[in-house]
There are 2 protein chains.
Amino acid sequence: MAERADAARNRQAILRATEELLTRLPPEQISMERVAAAAGVGKGTVFHRFGSRAGLMRALMQERAMVLQEAVVDGPPPLGPGAPARERLLAFVDGVIEVVSRNKGLLAALDHAEAVVSAKIPDDDPPPLHAIWHRHIAGLLHEARPGLDADVTAHLILASLHSDPIQRLVVTGEGAARVAAGLRTLITGVLD
Amino acid sequence: MAERADAARNRQAILRATEELLTRLPPEQISMERVAAAAGVGKGTVFHRFGSRAGLMRALMQERAMVLQEAVVDGPPPLGPGAPARERLLAFVDGVIEVVSRNKGLLAALDHAEAVVSAKIPDDDPPPLHAIWHRHIAGLLHEARPGLDADVTAHLILASLHSDPIQRLVVTGEGAARVAAGLRTLITGVLD
DNA sequence: CAAATAACTGGACCGGCGGTCAACTTATGC
DNA sequence: GCATAAGTTGACCGCCGGTCCAGTTATTTG
């Protein structure tokens with residue numbers, strides 16, 4: 001017996017409710033009880049499904065990022081395999097920004113949640129998004145410019161998306177474009 | 001009556017205690033009661049002095065950054081006025097990394113604290129560090145390369161110091177050096 | 001040196017949080 | 001239809017950031 005139908009329905013209800021709350025409120029005002037109420041379920045159910053606040057945010061982020069992830073592993077170039085590393089990298093950061101911009105406050109909520117003392121990440125969970133993204137970026141960086149400290153550089157690139165001011169910029173249309181342009185400049189600068 | 005002697009003594013005790021706790025524990029395990037206990041004062045005293053958790057962290061950070069700040073406004077080049085913008089900028093980010101690396105977890109603690117709903121920042125407080133740093137970086141960027149979106153780029157550069165992985169790197173000796181080198185590469189790349 | 005006073009102190013207290021749990025309900029496979 | 005594993009729930013727990021005020025103490029003033 002894998003996952004019951006009602007359970008799946010509730011999972012969706014909780015995710016959608018969280019999403020909706022995230023568009024209306026700053027992350028620290030979104031308590032788990034509030035999420036539960038908005039989803040029309042008991043608090044216990046939320047924890048049963050997602051384990052913790054961090055787990056809920058992670059699941060939501062993962063869901064949002066899946067499309068991007070699929071496009072990366074077997075979509076058409078320039079995002080997918082086939083294009084030169086430089087183009088793939090630029091396309092990828094655009095994609096990441098798009099995902100992030102659709103989720104005002106999600107990244108921040110994630111941070112806040114992850115900060116909790118060494119949260120136990122169940123072994124059967126998919127690896128955290130950050131790790132996947134970092135690996136992808138570092139790989140492309142290394143391919144495009146072997147001399148570089150790809151590991152650190154990838155962290156620096158990803159890190160720039162956290163931080164409140166950038167988040168605030170990204171949630172507005174032109175802001176996201178400016179951030180994307182800025183990141184591209186940074187990356188092309190380092191690749192040439 | 002400005003500030004009583006015993007009050008000043010307690011302020012120091014609290015700051016030192018916080019500092020000490022930050023070297024031993026992750027920020028989310030450092031409650032205000034714990035700080036108070038470690039400093040040998042009552043919890044009320046801590047709040048009376050610093051207003052909030054954010055205020056305490058900000059004060060500590062400010063204290064740490066003061067040396068850098070002074071060097072920037074009227075120290076010798078390349079940090080202070082006189083050197084070309086490019087050199088000043090590179091020296092500055094080195095300085096920032098040094099400050100940050102001396103305070104494992106402080107930045108994270110600050111973030112966590114600042115996240116609280118629009119914390120009332122008393123008017124007589126110095127402007128937040130982030131703002132000062134951002135203005136300095138953006139100014140130098142603009143001077144060194146007028147075409148650039150200095151505002152966004154400065155945010156991206158500063159933002160990269162937040163985020164857990166970078167923090168973890170920075171607290172170790174070689175890690176800090178790698179991060180500094182990575183940042184320099186990013187910046188020189190964008191300036192040329 | 002007192003007396004007056006304003007600043008400082010501390011800890012009981014508050015609302016709310018994330019997370020747990022044991023009793024109860026329900027979908028599902030046979 | 002029935003057994004049972006899975007799901008659901010809300011009262012409950014410990015803790016946290018922040019408030020408050022009665023009591024204490026450094027400082028100023030005459």
Side-chain angles (χ1 to χ4, degrees), chain A residues 1-15 17-18 21 25-60 108-122 124, chain B residues 1-15 17-18 21 25-60 108-122 124:
Chain A
M1 217 180 263
E3 176 171 282
R4 265 162 47 171
D6 55 342
R9 221 180 315 121
N10 279 340
R11 152 176 276 123
Q12 278 306 308
I14 293 166
L15 286 174
T18 310
L21 287 176
L25 301 168
E28 70 275 9
Q29 277 186 29
I30 304 178
S31 73
M32 297 300 271
E33 286 188 61
R34 214 165 167 151
V35 168
V41 303
K43 180 156 77 138
T45 304
V46 179
F47 280 94
H48 184 70
R49 270 291 96 71
F50 298 100
S52 67
R53 185 194 170 84
L56 171 59
M57 297 305 176
R58 219 183 302 132
L60 190 51
L110 233 184
D111 284 2
H112 188 268
E114 298 285 20
V116 172
V117 273
S118 49
K120 53 214 162 191
I121 306 181
D124 57 347
Chain B
M1 217 179 262
E3 176 172 281
R4 265 161 50 170
D6 54 343
R9 222 180 313 121
N10 278 341
R11 151 176 276 124
Q12 278 306 307
I14 293 167
L15 286 174
T18 309
L21 287 177
L25 300 169
E28 69 276 7
Q29 276 185 32
I30 304 178
S31 71
M32 297 300 272
E33 286 189 61
R34 218 169 163 143
V35 167
V41 303
K43 184 166 51 150
T45 303
V46 178
F47 280 93
H48 183 70
R49 270 290 95 71
F50 298 100
S52 68
R53 185 193 170 84
L56 172 58
M57 296 306 176
R58 217 182 305 131
L60 191 50
L110 231 185
D111 283 1
H112 189 269
E114 299 284 20
V116 173
V117 275
S118 47
K120 54 216 160 186
I121 306 181
D124 57 347

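Just so it is clear: chains get the letters A, B, ... in the order the sequence lines come, proteins before strands, and each one is counted from 1.
- At a threshold of 4.5 Å between non-hydrogen side-chain atoms, the residues A:Met32 and A:Leu56 count as touching.
- In this structure, A:Phe47 places its CZ atom 11 Å from P of C:dC17, rounding to the nearest Å.
- Residue-to-nucleotide proximity on DNA chain C shows that, of A:Met32 and A:Arg9, the 5′-proximal contact is made by A:Met32.
- The shortest distance between side-chain heavy atoms of A:Phe50 and A:Leu15 falls below 4.5 Å.
- Residue pairs meeting the side-chain hydrogen bond (donor to acceptor under 3.5 Å, both in side chains) criterion with at least one member in residues 2-13 of chain A, sequence neighbours excluded, are A:Glu3-A:Arg11, A:Arg4-A:Asp6, A:Gln12-A:Arg16.
- Nearest approach of B:Arg53 to B:Pro27, heavy atoms of both residues: NH2-O, 3.0 Å.
- Heavy-atom minimum distance, A:Val35 versus A:Ala17: O-CB, 4.2 Å.
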Subject >> Under 4.0 Å protein heavy-atom contacts per nucleotide of nucleotides 7-12 of chain D, with B for base, S for backbone only and - for none >> reply: SBBB--
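- Once rounded to the nearest 0.5 Å, the distance linking CG of A:Leu21 with CD of A:Gln29 reads 10.5 Å.
- For the helix from C:dC1-D:dG30 to C:dC30-D:dG1, the terminal axes (five pairs an end, C1' atoms, rotation from four pairs onto the next four) enclose an angle of 20°, given to 10 degrees.
- Between the C1' atom of D:dG17 and the CD atom of B:Gln29 lies a distance of 17 Å, rounded to the nearest Å.
- Distance CD (B:Glu28) to P (D:dC15): 16 Å, rounded to an integer number of Å.
- Regarding B:Arg34, its CZ atom lies at a distance of 8 Å from the P atom of D:dC16, rounded to whole Å.
- The side-chain hydrogen bond (donor to acceptor under 3.5 Å, both in side chains) analysis of residues 30-41 of chain A, with sequence neighbours excluded, yields no pairs.
- The minimum heavy-atom distance linking A:Ala36 with A:Val46 is given by the pair CB-CG2, 3.7 Å.
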